[in-house]
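Below: the structure, in structure tokens.
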Amino acid sequence: MIVVTSAAGHTGSIIVDALVKRGLPVIATDLNPTVKQLPGIERAIVGDLTQLDVQLEIISAADILIYIPPLFSSEEALIGNSLIDLAAEAKLQQFIFMSVTHPILSSLLQHTAKRDVEEHLIYTGMRTQLPYTILQPMHYMHNFDPLAVKRSGKYRIFYSLDGAVAYVDPIDVAEVVLNVLAEPAKHNKATYELVGTAPYTPKELVTRFNASPGSMPLLNTCQLSSF
């Protein structure tokens, strides 16, 4: 049985869909009760990952855990480390951690939290031989939402207009997850950076959007200091 956390989110739901279409048994868990509506799953667990009883229910149901951290949680590192400890104690067959490219970036708290979880996972894997794979996706393509951009006429971001980053399609990330599950021994203790495109600046993304058929040209971009 494969348990996927944060399964109601954009990336989580795409991964669940890929697993189900491959005929794999999936339990989906999320704080959002809409997780119950995901098609093809065996069942859903609705709960807060900061609660130990929820973590225990997840681990007891899992043979394989695909851990996608909750978005912007101040307790992200504590959640991840606790799930790793429970997974090792339960002797799970595989722990797949959805981290982030460049978790060493100390100015981004959501990155450093994942760095701490990666470190705990690596040390736990050494000590207990818990099989694990770390995936480090770059910016997801859905971070540029064409429909939202078209409605507002603006692309809202929180970093430099001239900073170029690459992007990855969550559908491709789901394919990587399937490859790992198909040969877990081959990918045991491995860490993979997942990048799908050449790097683009926000200005270049806006230029490409404005050049696409049927798009509404953007008058400007809006740089935000926070979400």
Side-chain angles (χ1 to χ4, degrees), residues 2-7 9-19 30 49 62 64-85 87-88 92-126 130-144 157-160 163-202 205 227:
I2 303 168
V3 176
V4 181
T5 67
S6 302
H10 191 96
T11 301
S13 61
I14 288 174
I15 290 175
V16 167
D17 182 63
L19 296 173
D30 202 288
L49 285 177
I64 296 168
L65 180 64
I66 300 174
Y67 172 53
I68 304 172
L71 190 62
F72 300 129
S73 170
S74 61
E75 298 181 81
E76 181 178 331
L78 294 174
I79 294 168
N81 291 350
S82 179
L83 284 172
I84 290 166
D85 290 341
L92 261 58
Q93 296 175 15
Q94 180 81 346
F95 191 107
I96 299 176
F97 175 40
M98 198 65 64
S99 183
V100 66
T101 298
H102 306 322
I104 61 172
L105 294 177
S106 59
S107 62
L108 299 173
L109 296 181
Q110 70 271 29
H111 282 235
T112 57
K114 292 176 179 65
R115 190 216 71 85
D116 292 345
V117 175
E118 284 193 19
E119 180 181 51
H120 189 68
L121 182 55
I122 291 168
Y123 276 123
T124 302
M126 291 177 180
L130 171 68
Y132 71 82
T133 304
I134 298 171
L135 302 180
Q136 298 178 330
M138 195 59 182
H139 286 263
Y140 288 114
M141 287 182 177
H142 60 253
N143 289 340
F144 186 103
I157 60 168
F158 62 94
Y159 54 88
S160 169
V165 298
Y167 291 81
V168 67
D169 192 328
I171 294 175
D172 293 333
V173 173
E175 187 66 28
V176 172
V177 171
L178 289 171
N179 289 339
V180 171
L181 292 173
E183 298 183 274
K186 178 180 178 180
H187 303 290
N188 185 21
K189 309 296 193 296
T191 299
Y192 300 114
E193 288 186 325
L194 308 181
V195 179
T197 71
Y200 296 101
T201 69
L205 289 178
F227 285 99

Carefully, step by step, assess Asp169 and His142 under the rule side-chain hydrogen bond (donor to acceptor under 3.5 Å, both in side chains). CA-CA 8 Å; Asp169 192 328; His142 60 253; over 6 Å; no

Quick one: does any side-chain atom of Asp30 pair with a main-chain N or O of Ala7 as donor and acceptor, under 3.5 Å? yes

Find out whether Leu135 and Phe97 are in side-chain contact, i.e. whether some heavy atom of one side chain is under 4.5 Å from a heavy atom of the other. no

Would you check if Ile122 and Tyr132 make a side-chain contact, meaning some heavy-atom pair closer than 4.5 Å? yes

Do Leu105 and Arg115 have side chains that get closer than 4.5 Å, going by heavy atoms? no

Heavy-atom check, side chain of Val3 versus side chain of Ile64, under 4.5 Å: no

Gap separating the CD atom of Glu75 from the CG atom of Asn81, nearest 0.5 angstrom: 12.0 Å

Would Gln94 and Thr133 count as having a side-chain donor-acceptor pair, cut-off 3.5 Å? yes

In this structure, CD of Gln93 is separated from CG of Leu181 (nearest 0.5 Å) by 10.5 Å

Less than 3.5 Å apart, any donor N or O on the side chain of Ser99 or Glu118 sitting next to an acceptor on the other? yes

Ignoring hydrogens and angles, tell me if any N or O in the side chain of Ser6 forms a donor-acceptor pair with the backbone of Gly12 under 3.5 Å. no

Are side-chain heavy atoms of Tyr192 and Ile134 found at a separation under 4.5 Å? no

Listed once per pair and sorted, the salt bridge (Lys or Arg N to Asp or Glu O under 4.0 Å) pairs that draw on residues 180-195, sequence neighbours left out: Glu183-Lys186

Report the C-alpha distance between Tyr200 and Val165 in whole Å, list the side-chain angles of each, state the deciding distance to 0.1 Å, and finish with yes or no for side chain to side chain contact (heavy atoms under 4.5 Å, CB included). CA-CA 5 Å; Tyr200 296 101; Val165 298; over 6 Å; no

Okay, side chain of Thr112, backbone of Leu109: is any donor-acceptor separation there less than 3.5 Å? yes

Can any side-chain N or O of His139 pair as donor or acceptor with the backbone N or O of Val168 at less than 3.5 Å? no

Leu194 and Thr101: CA distance, side-chain angles, deciding distance, side chain to side chain contact (heavy atoms under 4.5 Å, CB included) verdict: CA-CA 8 Å; Leu194 308 181; Thr101 298; 6.0 Å; no

Main-chain N/O of Ile79 paired with Ser82 side-chain donor or acceptor, under 3.5 Å: no

